[in-house]
> 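I'd like to ask you about the structure that follows.
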2 protein chains.
Amino acid sequence: MTKMSDVAALAGVSTATVSRVLRNPETVTETTKQKVLEAIEELNYQPNMLARHFRRSQTNTILVVVPNIINTVFAEIVGGIEEEASKNGYRVLLRNSNNQIDREYGSIEHMKQRQVDGMIMLSPRLDEEILQDISEKYPIVLATAHLDETKIPVVSIDNVSSSKKATEHLIRLGHRRIAHITGQLDSMISRYRFKGYREAMKENGIDYDTQLIREGEFTFESGYEQMMNLLDQKFPPTALFAASDEMAMGAINAAKSRGVNVPEDLAVVGFDNIRFSSVFDPPLTTIAQPKFGMGEKAMELLMKKFNGEPVEQTEHILPDELIIRDSCGARLKEKLIRT
Amino acid sequence: MTKMSDVAALAGVSTATVSRVLRNPETVTETTKQKVLEAIEELNYQPNMLARHFRRSQTNTILVVVPNIINTVFAEIVGGIEEEASKNGYRVLLRNSNNQIDREYGSIEHMKQRQVDGMIMLSPRLDEEILQDISEKYPIVLATAHLDETKIPVVSIDNVSSSKKATEHLIRLGHRRIAHITGQLDSMISRYRFKGYREAMKENGIDYDTQLIREGEFTFESGYEQMMNLLDQKFPPTALFAASDEMAMGAINAAKSRGVNVPEDLAVVGFDNIRFSSVFDPPLTTIAQPKFGMGEKAMELLMKKFNGEPVEQTEHILPDELIIRDSCGARLKEKLIRT
DNA sequence: ACACTGTTTGTAATCGATTACATTGAAATG
DNA sequence: CATTTCAATGTAATCGATTACAAACAGTGT
């Protein structure tokens, strides 16, 4: 491995000058710069990054903590982060937390040891206070999260209003017995989506039946199971708002297995607009989160923190969108009206 | 930040001893070890990893280069890699190549600069010779790849025999006009899957119609489009083997849109067994790759390289499995026979 | 008591880039 | 021409852990 002193020797300058050519070219005359550049070329020199990182105690690496990379929602967000990071010369270290709090802790230790310059946590489980403490000393950004009163930058969509929008869409289609399958209720996101549902119902003067609320786990299987429960009830729902597309798909399959037609007998709206929602039969009506964009935005905010720029607002709400496909019956209705 | 010399001072020993307690505890007497450990505890000392990495020129980090993390197949493999890596105290740096060769090059530069201890490439695009060169100097493992004659460890399934198995399944169900939608044919994997198809046809005495071979891009959209083409032909196929589940789904949707029933009018077999295949309507018959396991295996092999253990075989073929669901019509047939 | 062996600990060099501070030299000014 | 100023470059310390080598020490056998 050629090192800086080799370059310096060949170019007939000191290592300080070589270093300057590399990092502050404007402080060096054109002629010496050329000499050094030629020597670098000649020797095929590559700076030892480990030495640089050590000396500057900076790694140009960020840590992304994901509950589970296998989940397509997180994978897309990570895609956005990686894209934006590599634009800025940063590298992305990936860590699956598997929703375990101690793994999240471990990741924070990692940052405390300065092994990374900052971190982005997706759907953190850690207490708000703990996160707050860390954020005072280290650059951290959260995504798909919501904290009540805090200075930590958060990138998210408005889960309450979007869920409200989804539920209202079903109400507008004439439904009153609207079921809701939530995600794990120990997660903020699930509670916010549930809240949006309640608000929509209330504002439209509908007393919702608590029997129609079921807690799932954001998976197909849980959606399937909970829908089976709902269909077993004396007065089954005529519509469903599921807190994730996966659960919506599971629920629809449960309905199909019972001969219940979607959307004719059961209108369904999901959440996330995952890649497969448009291909599913029937294509899902759902709330689209700008997943890739959220990743990019999170990384942007982290870059601001790195550069010492102020991050004006702490909460960055990106726009969501209700995507109407077939599972809610709106298109079917339109067609019927037209004919 | 407390450093090693602080600990040494408090414990009344030299830094060398502190370092030994941390890395070679067996060379230190029990009593001094205790003193040092107490001092570490007292000061809440954490070794500076950047200094350690620099000094040892080792990073405990590996690089994983993925064509696209958004693709669920790769996401699952990365999940397996991450799992196994963190068991071994290694960290995973993620890089999306977006199938661009120059990005793959860049990642190799990264390793040459010793910023990572080794790398795993998924579905590399780079030339075999280049990879071979690199492998002689740096620890590298490939996954979902196949190289003809090389010393680079590769983790994969047998794409030829599995595709043959998939095609034979369709033949056994009585089909002769079996179409095949390939992936991009500049990718080895696509060519191997195509080869498996040809072998199955040939061995069963069927001259396949080149009109029934269409090149897709591993996406829904391409599957949809190519199926439309197939359906437009004078003698459309009665069965389809698609080189990926995504394309199979696209194709099935194309068929549905034309009123062609799957599996009654068109039997379909896919490839990959992605998470959504079982939920699709109809559930896909497909070849299951042990995705998570492939990731784990790849990391295991890399660990062997790190430890200087010999990697006996270069090609590690993991078992695949034909998962029979509804899209191929086998179940339907059984049912008909029984009744 | 002495030499010898082996274990434990300490001293100080080392990894390679960065940078505070010192030096050189050339241009500018009176 | 002497002096000041400033830009360009060099010298050497520095970051913190690791480790080759040296030293100290305890135990063993004669």
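Side chains are part of it too, since the values below use all heavy atoms of this structure and drop only hydrogens, waters and symmetry mates. Each chain gets a letter, A, B and so on, in the order its sequence line appears, and its residues count up from 1. These numbers were taken from a predicted model, which means no experiment stands behind them.
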> Between P on dG10(C) and CE on Met4(B), what's the gap in Å once rounded to a whole number?
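Whole-Å distance recorded here is 13 Å.
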
> Is there a side-chain contact between Ser86(B) and Arg103(A) (heavy atoms, below 4.5 Å)?
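SC-SC contact between Ser86(B) and Arg103(A) confirmed.
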
> Do Tyr192(B) and His146(B) have ring centres separated by under 6.0 Å?
yes

> Just to verify, what does Lys35(B) make a salt bridge (charged side-chain N to carboxylate O under 4.0 Å, His left out) with, not counting sequence neighbours?
none

> Can you measure Lys3(A) atom NZ to dG16(C) atom P for me and round it to whole angstrom units?
4 Å

> Contact between Asn98(A) and Glu83(B) at the side-chain level, heavy atoms closer than 4.5 Å - yes or no?
yes

> Expressed in angstrom and rounded to an integer, what is the separation of His53(A) atom NE2 from dG16(C) atom C1'?
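The answer, rounded to whole Å, is 13 Å.
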
> Please report, rounded to the nearest Å, how far the P atom of dC15(D) is from the CG atom of Asp6(B).
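Taking CG of Asp6(B) and P of dC15(D), I get 12 Å after rounding.
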
> Rounded to whole Å, please give me the gap between CD in Gln115(A) and C1' in dA17(D).
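It is 14 Å, rounded to the nearest whole Å.
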
> Using atom CD of Gln113(B) as one end and atom C1' of dG16(C) as the other, report the distance to the nearest whole Å.
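So the two atoms are 14 Å apart, to the nearest Å.
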
> Are more than 12 heavy atoms, taken from residues, nucleotides or ligands other than Glu129(B), located less than 6.0 Å from that residue's CD atom?
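Count not over threshold, so no.
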
> Write down the distance between CZ (Arg56(A)) and P (dG16(C)), rounded to a whole number of angstrom.
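Spelled out: CZ on Arg56(A) to P on dG16(C) is 19 Å.
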
> Within residues 14-26 of chain B, find the residues that approach DNA chain C with a heavy atom at under 4.0 Å, and present them sorted by residue number.
Ser14(B), Thr15(B), Ala16(B), Thr17(B), Arg20(B)

> Just how far, in rounded Å, is C1' of dT18(C) from CD of Gln58(A)?
13 Å

> Any salt bridge linking Glu82(A) with Arg95(B)? Criterion: basic side-chain nitrogen under 4.0 Å from a carboxylate oxygen.
yes

> Which sits closer to the 5' end of DNA chain C, Ala51(B) or Gly12(B), going by the nucleotide each is nearest to?
Gly12(B)

> Using a 4.0 Å cut-off on heavy atoms, which residues in residues 27-48 of chain A reach DNA chain C? List them by number, or say none.
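Per residue number, the list reads Tyr45(A), Pro47(A), Asn48(A).
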
> Could you verify whether a donor N or O on one side chain and an acceptor N or O on the other, from Gln184(B) and Ser190(B), lie under 3.5 Å apart?
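Result is no, nothing qualifies.
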
> Could you say whether Val13(B) or Phe54(B) is positioned toward the 5' end of DNA chain C, judged by the nucleotide with the nearest heavy atom to each?
Val13(B)

> OP1 or OP2 of dT18(C) sitting under 4.0 Å from any side-chain N/O of Arg52(A)?
yes

> What's the shortest heavy-atom distance between Lys304(A) and Val311(A), and which atoms?
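Taking Lys304(A) first and Val311(A) second, the nearest heavy atoms are CB-CG2, 4.1 Å.
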
> Does a side-chain heavy-atom distance below 4.5 Å link Pro47(B) with Met4(B)?
no

